[in-house]
Amino acid sequence: MSRLNRTDRPYDIVLFGATGFVGALTAEYLAAHAPQGLRWAIAGRDELKLKRLRERLPGGTAVGVLRADVADPASLRELAEHARVVATTVGPYVTYGEDLVAACADTGADYLDLSGEPEFVDLTYVRHDARARETGARLVHAAGFDSIPHDLGAYFTVQQLPEGVPLTVDGFVTADAMFSGGTFATALTQLGRGRQVLAAARDRRRHEPRLVGRRATAPSGAPRFAGEVGSWAVPLPTIDPQIVQRSAKALDRYGPDFRYRHYAAVRHLPVALGGVTAVGALATAAQLPPARRWLSDRLKPGNGPSPEKRAKSWFSVKFVGEGGGRRVFTEVSGGDPGYDETAKMFAEAALSLALDELPPTAGQVTTATALGNALIERLRAAGIVFRVAAIR
Ligand SMILES: NC(=O)c1ccc[n+]([C@@H]2O[C@H](COP(=O)([O-])OP(=O)(O)OC[C@H]3O[C@@H](n4cnc5c(N)ncnc54)[C@H](OP(=O)(O)O)[C@@H]3O)[C@@H](O)[C@H]2O)c1
């Protein structure tokens, strides 16, 4: 049954932060790909900017415009009450995001964001998961390059392996891409909050029910030469392995004992060492307010890589899964990860929440748990590759 005609709220999807860099790309994607009859709106704090954006969207006259500001919680509540799905790009989420999650959890609106910020995701779990379960709201974080290819790629790999046996999956990420001012600001905010990130993770562990009768882990692993993919593998401590682990905890299909390890794959060892050193230097600088200010002046929010640069960008995540005597090699790949493909993944996830018949879930859920194969099929149809390279 189509969910399109459910008219309990004025809009199927409201896109908050539509005037930002990824927000505008997502609005353009929705304008080009939303099915006829989808009721959707763009939202943000600047009505004039929103109207200018709407003017350049094909079929824009049918798109609603809603004003809301993160500094005005009543406007966020109104936004949530007007939407079946609220998709927000207003980050850094740890700074701007919590009141909207609260409004969605409380009013039963589905919530989708691009947060790759573990601290934010942990604190919304502790504060809003229980209420969302009561109202039926699905709270889906990390619905962009962080973490869809990794979460759905691991899920896709698991489905190629036998059921009911211990499984291991390793993910190896390679990408060639640039980032936007908004992403840079968010990364600097996260890197400057090491203590708060650890405290939020501890608090989550205290609140999360223990998994009984099964195991699902995501150890960080050690740097190594990974002959199976012909590259050096450097552990990548992003939010992705945490999200994969949560999917594995939620779904029995991952088996009685599941382990996921997440790596950056690099051809040459000096490049790997250079990358680790650069991130270490950025993390140190982010602790010092003057250095952080200097860095954030280098790349301003609202800006991002040009269409020409994005057209040359790409990503590939290779997975090696093993269990029950089978070894499988899979890959998820696509174009510009941070922006064009993120906008596509984000918009398709919002469409899937609004339109697809999905497993019954509520509370904080991952893309694999809430959207699973429905989203894989949407992304394949939109040009993102999910493939089995070999089975041994
Ligand atoms: N998961 C992923 O893979 C992934 C990929 C890309 C980006 N991201 C994340 O997505 C977020 C957005 O990135 P971006 O490059 O699009 O950033 P951006 O261009 O700076 O956009 C931020 C948006 O937030 C809005 N905003 C800021 N303060 C607001 C307020 N007080 N009330 C309402 N709206 C407000 C801005 O509105 P104005 O236009 O009015 O300023 C703008 O629409 C960042 O957190 C980034 O890290 C994640």
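FYI, the numbering just counts along the sequence from 1. As the structure lists them, so they are numbered: ligands from 1, and atoms in each ligand from 1. FYI, side chains are in, hydrogens and waters are out, and symmetry mates aren't considered; it's all heavy atoms of this structure. These figures come from a predicted structure and were not determined experimentally.
Contacts between T342 and ligand 1 below 4.0 angstrom, taking non-hydrogen atoms only, involve the side chain exclusively.
The side-chain heavy atoms of T367 and S147, taken from C-beta on, include no pair separated by under 4.5 Å. At a threshold of 4.5 Å between non-hydrogen side-chain atoms, the residues D170 and E228 count as touching. R380 is not listed as a side-chain neighbour of I384, based on a closest heavy-atom distance of 4.5 Å or more.
Note on K312 versus D336: no salt bridge recorded, every NZ/NE/NH1/NH2 to OD/OE distance being 4.0 Å or above.
Atoms of ligand 1 found under 4.0 Å from any heavy atom of T19, numbered from 1 in the order shown, are 37 (O), 38 (P), 39 (O), 40 (O), 43 (O). Remark: ligand 1 atoms within the under-4.0 Å shell around heavy atoms of G338 are 5 (C), 6 (C). Residue-ligand proximity, G20 to ligand 1, at heavy-atom distances under 4.0 Å covers atoms 19 (O), 21 (O), 42 (C), 43 (O). Listed by number with element, the atoms of ligand 1 under 4.0 angstrom from any heavy atom of G17 are 43 (O). Every atom of ligand 1 is numbered from 1 in the order shown, and the set under 4.0 Å from a heavy atom of G91 is 45 (O). Listed by number with element, the atoms of ligand 1 under 4.0 Å from a non-hydrogen atom of F145 are 2 (C), 3 (O). Atoms of ligand 1 found under 4.0 Å from any heavy atom of V22 (numbered from 1 in listed order, with element): 6 (C), 7 (C), 13 (O), 14 (P), 15 (O), 16 (O). Every atom of ligand 1 with a heavy atom of Y339 under 4.0 Å away is listed here by number and element: 6 (C).
Note on ring orientation: taking the six-membered ring where Trp is involved, the planes of F319 and Y260 are tilted (angle from 30° to 60°).
Considering each of D69, V90, I239, I42, the one bringing a non-hydrogen atom nearest atom 24 (O) of ligand 1 is V90. Which of F21, F120, Y93 comes nearest to atom 19 (O) of ligand 1 through a heavy atom is settled by distance: it is F21.
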Given the rule in the side chain to side chain donor-acceptor pair (under 3.5 Å) test, do E348 and H33 qualify, once you have shown the distances and angles that lead to the verdict? CA-CA 9 Å; E348 290 291 351; H33 297 92; 5.8 Å; no
Can you check salt bridge (Lys or Arg N to Asp or Glu O under 4.0 Å) on R204 and D122, steps first, answer last? CA-CA 6 Å; R204 181 188 189 115; D122 288 343; 3.1 Å; yes
In sequence, state the C-alpha distance, the side-chain angles, and the governing distance for Q364 and T124, and then conclude on side chain to side chain donor-acceptor pair (under 3.5 Å). CA-CA 8 Å; Q364 191 185 91; T124 66; 3.2 Å; yes
